[in-house]
Amino acid sequence: MPAPHRLPPPKGVDSQGLLVREGSLGLVPAAFRPVVDAARERLPRVFGERLDSAYLYGSIPRGTARVGRSDLDLLVALRDGPRAADRAAADSLGDALDREFPAVDGVGTLLYGRARLLSEAETHDLGWFVACLCTPLLGEDLAERLPRPRPDSLLARETNGDLALLLPRWRARIAAADDTPKARRPLVRFMSRHLVRTAFTLVMPRWGGWTSDLAEMAEVFGAYYPERADAIRRAAVLGYEPAGDPGTLASYVDDLGPWLAGEYARVHGVKTPRED
């Protein structure tokens, strides 16, 4: 099916159709450099010799972060698999950075063992994430050992083909949250972003490119699924400016999410099961 004429040309790929890496330390806005420097300094103290490498991802290394609104996203590769103590230490570091640097609205850290990031099973999921969406901060850049994939159906399946498995967990998180707008806003933000990215990767192979901008993702998706375009555009807005409306969360897990999971499985199949 050809792309609609009103769509912009694909971007995020090189002349061979391979995805290119987004973001760099040179794009980090001045307001966020102190917290990035602090993370670079403290990570080796937290993980010691087990630290293999560390990366930024998200809006800060893309240069699109908003002061007081954007979070600091980190990925840490350890020489062996993460332990419970590692996760607690990462949470403590994130809490400290969040308190000390008002430019960021939260700090999140992903922890993985080096072997898993380089494994064949993760080539089109975590491997792609490191190679194309992460900006090196410390240590060896594992992207040099990883291939850059194409924006094809295999990549789509292995990145976001597990939405059906996630929806029961989302329902449990919603049920466990306090019945206040403050408690619901982080859920709306997280689930909105996840749904927009899943909607985008559903049509990514037809478009033939990549973007991490939620509004652009929504527009590309909407060109192929106009009947669901408004819902994804609203989710893109809420991904940046979340509101604590319980109706939004209900619509995600009862309507938009199940539809998207079913269409994704029909078009691309289901993600290969992982141990976790």
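Every heavy atom of this structure was used, including side-chain atoms; hydrogens, water molecules and symmetry mates were not.
- Side-chain atoms of Arg148 come within 3.5 Å of backbone N or O of Leu19 as a donor-acceptor pair.
- One finds no salt bridge joining Arg228 and Glu263 here, because no Lys/Arg side-chain nitrogen approaches an Asp/Glu carboxylate oxygen to under 4.0 Å.
- Annotation: side chain of Pro149 is in contact with side chain of Cys132 (closest heavy-atom distance under 4.5 Å).
- Contact check on Glu216 versus Lys11 returns a salt bridge, with a Lys/Arg side-chain nitrogen under 4.0 Å from an Asp/Glu carboxylate oxygen.
- A pairwise comparison of heavy atoms in Pro258 and Leu167 identifies N-CD1, 3.7 Å as the closest pair.
- Hydrophobic clustering places Val36 together with Leu51 (ILVMFWY residues linked when any side-chain heavy atoms are closer than 4.5 Å, directly or through intermediates).
- A distance of 7.5 Å separates OG in Ser251 from CZ in Arg234, rounded to the nearest 0.5 Å.
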| Passes side chain to side chain contact (heavy atoms under 4.5 Å, CB included), Arg145 versus Glu140? Steps please. | CA-CA 10 Å; Arg145 299 175 179 267; Glu140 177 192 2; 2.5 Å; yes
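- Considering all non-hydrogen atoms of both residues, Lys182 and Arg185 come closest at CA-NH2, 3.5 Å.
- Rounding to the nearest 0.5 Å places CG of Leu249 at 8.0 Å from OG of Ser192.
- For Phe32 against Ile60, the heavy-atom pair with the smallest separation is CD2-CD1, 3.6 Å.
- Using a 4.5 Å cut-off on side-chain heavy atoms (C-beta onward), Trp170 and His194 make contact.
- Hydrophobic clustering (ILVMFWY, side-chain heavy atoms < 4.5 Å, transitive): Leu27 and Leu137 are in distinct clusters.
- Here the CD atom belonging to Glu41 is positioned 5.0 Å from the CZ atom belonging to Arg45, to the nearest 0.5 angstrom.
- Thr109 places none of its side-chain heavy atoms less than 4.5 Å from the side chain of Leu93.
- The shortest side-chain heavy-atom distance between Ser212 and Leu133 falls under the 4.5 Å cut-off.
- At most 12 non-hydrogen atoms from other residues, nucleotides or ligands lie less than 6.0 angstrom from CZ of Arg69.
- A salt bridge is defined here as a Lys NZ or Arg NE, NH1 or NH2 lying under 4.0 Å from an Asp or Glu carboxylate O, and Arg274 with Asp162 fails to meet this definition.
- In this structure the side chain of Tyr55 never reaches within 4.5 angstrom of the side chain of Leu74, judged on heavy atoms.
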| request: Go through the steps to decide whether Tyr57 and Phe129 satisfy the test ring pair (Phe, Tyr, Trp, His ring centres under 6.0 Å), and finish with yes or no. | output: CA-CA 9 Å; Tyr57 68 95; Phe129 185 70; 4.9 Å; yes
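- Atom CG of Asp14 sits in a crowded spot, with more than 12 heavy atoms from other residues, nucleotides or ligands closer than 6.0 Å.
- A distance of 8.5 Å separates SG of Cys134 from CG of Leu56, quoted to the nearest 0.5 Å.
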| task | Go through the steps to decide whether Asp86 and Arg50 satisfy the test salt bridge (charged side-chain N to carboxylate O under 4.0 Å, His left out), and finish with yes or no. | result | CA-CA 10 Å; Asp86 297 321; Arg50 295 181 59 234; 2.7 Å; yes
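- Each of Thr272, Thr201, Thr123 was scored for a side-chain contact (heavy atoms from CB on, under 4.5 Å) with Glu158, with one residue passing: Thr272.
- Without hydrogens or angle criteria, Trp207 side chain to Pro8 main chain gives a donor-acceptor distance under 3.5 Å.
- For Glu49, the CD atom is loosely surrounded, since the number of other residues' heavy atoms within 6.0 Å does not exceed 12.
- For the pair Arg173 and Phe190, the cation-pi test (distance below 6.0 Å, angle within 45°) is passed.
- Leu238 and Leu260 fall within a single hydrophobic cluster, where Ile, Leu, Val, Met, Phe, Trp and Tyr are joined by side-chain heavy atoms under 4.5 Å apart, directly or via other members.
- By the 4.5 Å heavy-atom criterion applied to side chains, Asp98 and Val104 are counted as neighbours.
- Shortest non-hydrogen contact noted between Ala265 and Val270 is CB-CG2, 4.1 Å.
- Taken together through direct or relayed side-chain contacts under 4.5 Å among Ile, Leu, Val, Met, Phe, Trp and Tyr, Val13 and Leu155 form part of one hydrophobic cluster.
- Hydrophobic clustering, with ILVMFWY side chains joined whenever heavy atoms are under 4.5 angstrom apart, groups Ile232 together with Leu163.
- Between Arg42 and Glu100 there is a salt bridge, since at least one side-chain N of the basic residue sits less than 4.0 Å from a carboxylate O of the acidic one.
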| query | Should Trp210 and Glu22 be marked as a side chain to side chain contact (heavy atoms under 4.5 Å, CB included) after you check the CA-CA gap, both sets of side-chain angles, and the distance that decides it? | reply | CA-CA 10 Å; Trp210 176 264; Glu22 64 176 23; 3.6 Å; yes
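- One finds the OG1 atom of Thr135 at 11.5 Å from the CG atom of Leu75 (value rounded to the nearest 0.5 Å).
- The distance from atom CE of Met204 to atom CE of Met217, rounded to the nearest 0.5 Å, is 9.0 Å.
- Between Leu214 and Arg197, some side-chain heavy-atom pair lies under the 4.5 Å cut-off.
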| request: Please lay out, stage by stage, how Arg189 and Asp71 fare under the test salt bridge (charged side-chain N to carboxylate O under 4.0 Å, His left out). | output: CA-CA 12 Å; Arg189 180 184 187 184; Asp71 51 356; 3.6 Å; yes
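- Counting all heavy atoms, side chain and backbone alike, Gly68 lies closest to Asp105 at O-CB, 3.6 Å.
- Leu110 is not listed as a side-chain neighbour of Val76, based on a closest heavy-atom distance of 4.5 Å or more.
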| field | Pair Arg206-Asp152, salt bridge (charged side-chain N to carboxylate O under 4.0 Å, His left out): steps then yes or no | value | CA-CA 8 Å; Arg206 283 186 262 178; Asp152 57 16; over 6 Å; no
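- Within the 3.5 Å criterion, the main-chain N or O of Val130 finds a donor-acceptor partner in the side chain of Arg21.
- Evaluation of the ring pair (Phe, Tyr, Trp, His ring centres under 6.0 Å) test over residues 228-274, restricted to residues two or more places apart or in two chains, returns Tyr225-Trp259, Tyr264-His268.
- Classification of Asp125 and Lys271 as a salt-bridged pair holds, one side-chain N sitting under 4.0 Å from a carboxylate O.
- For Leu97 against Ala38, the heavy-atom pair with the smallest separation is CD2-CB, 3.8 Å.
- Among Asp245, Asp179, Thr248, the one residue that satisfies the side chain to side chain donor-acceptor pair (under 3.5 Å) test with Arg184 is Asp179.
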